[in-house]
Amino acid sequence: MTAHDRLMNAIGLCMKAGKCRSGDFIVERMLKRGELKLVIIDACVSGATGERYRFACEAKGVPLIAIADIGEAIGKSAHKIAGVTDAGFSNMILTAYEKANAETGGN
């Protein structure tokens, strides 16, 4: 199993555990309320959407990562934004993300 597979599995497990919410409106609302520990955006979101989330995450001190095909990992292919509400899952996903980036040379 590759590091990317582990990353996608970690995100899927988080969703199944009920610790991940998806969709632009709900994630933005939860981020403003300070309820999120991590925000994940799809690598193909528009520049404006990416910037909006980057600024909002910086303001709230929440990590933001970009992953290709996030919708597939959470089982909702149309969704391009997800937020993690649990610190443990957030740490697990961030660790898997770092390992996946190291394995692929940061791409």
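Throughout, residue positions are numbered sequentially from 1 according to the sequence presented.
The line from CD1 of Ile70 to CD1 of Ile81 is 9.5 Å long, rounded to the nearest 0.5 Å. Note: Ser22 OG to Lys76 NZ = 4.0 Å, rounded to the nearest 0.5 Å. Atom NZ of residue Lys37 and atom OG1 of residue Thr85 lie 8.5 Å apart, to the nearest 0.5 angstrom. Separating the CD atom in Glu98 from the CD1 atom in Ile65 is a distance of 9.0 Å, to the nearest 0.5 Å. Within the model, atoms CD of Glu35 and CZ of Arg21 stand 9.0 Å from one another, a figure rounded to the nearest 0.5 Å. Atoms NZ and CG, on Lys60 and Leu31 in that order, are 7.0 Å from each other to the nearest 0.5 Å.
Closest heavy-atom contact between Pro63 and Cys57: O-SG, 4.5 Å. Shortest non-hydrogen contact noted between Thr49 and Ser46 is OG1-OG, 3.0 Å. A pairwise comparison of heavy atoms in Ile74 and Cys20 identifies CG2-SG, 4.2 Å as the closest pair. For the residue pair Ile11 and Ala73, the shortest heavy atom distance occurs at CG2-CB, 3.9 Å. For the residue pair Ser90 and Leu38, the shortest heavy atom distance occurs at OG-CB, 3.4 Å.
The main-chain N or O of Asp69 is found under 3.5 Å from a side-chain atom of Asp42 such that the two form a donor-acceptor pair. Using a distance-only test at 3.5 Å, with no hydrogens or angles considered, a donor-acceptor pair links the side chain of Arg6 to the main chain of Met1. Side chain of Thr95 to main chain of Asn91: a donor-acceptor pair is present (N/O by atom type, distance under 3.5 Å, no hydrogens or angles).
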Glu103/Lys99 under salt bridge (Lys or Arg N to Asp or Glu O under 4.0 Å): CA gap, chis, key distance, verdict | CA-CA 6 Å; Glu103 185 178 276; Lys99 287 180 182 178; over 6 Å; no

Starting from the C-alpha separation in whole Å, work towards a yes-or-no answer on salt bridge (Lys or Arg N to Asp or Glu O under 4.0 Å) for Arg29 and Asp24.
-> CA-CA 9 Å; Arg29 187 175 65 191; Asp24 186 37; over 6 Å; no

Decide yes or no on side chain to side chain contact (heavy atoms under 4.5 Å, CB included) for Arg54 and Glu51, but give the supporting numbers first.
-> CA-CA 5 Å; Arg54 187 174 65 81; Glu51 285 297 305; 2.7 Å; yes

Take Asp86 and Cys14, measure what side chain to side chain contact (heavy atoms under 4.5 Å, CB included) needs, and give me the verdict at the end.
-> CA-CA 9 Å; Asp86 182 78; Cys14 179; 5.9 Å; no

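The pair Lys32-Glu28 counts as a salt bridge, with a side-chain nitrogen and a carboxylate oxygen less than 4.0 angstrom apart.
If you chain together hydrophobic residues whose side chains sit under 4.5 Å apart, Met30 and Val39 fall into the same group. The hydrophobic cluster containing Ile26 also contains Tyr53, counting ILVMFWY residues as joined when their side-chain heavy atoms lie under 4.5 angstrom apart, directly or transitively. When hydrophobic clusters are built by joining Ile, Leu, Val, Met, Phe, Trp and Tyr residues whose side-chain heavy atoms come closer than 4.5 Å, directly or via intermediates, Leu7 is grouped together with Met15. One hydrophobic cluster, built from ILVMFWY side chains closer than 4.5 Å, cannot hold both Val27 and Ile67; they sit in different ones. If you chain together hydrophobic residues whose side chains sit under 4.5 Å apart, Ile41 and Tyr97 never meet in one group.
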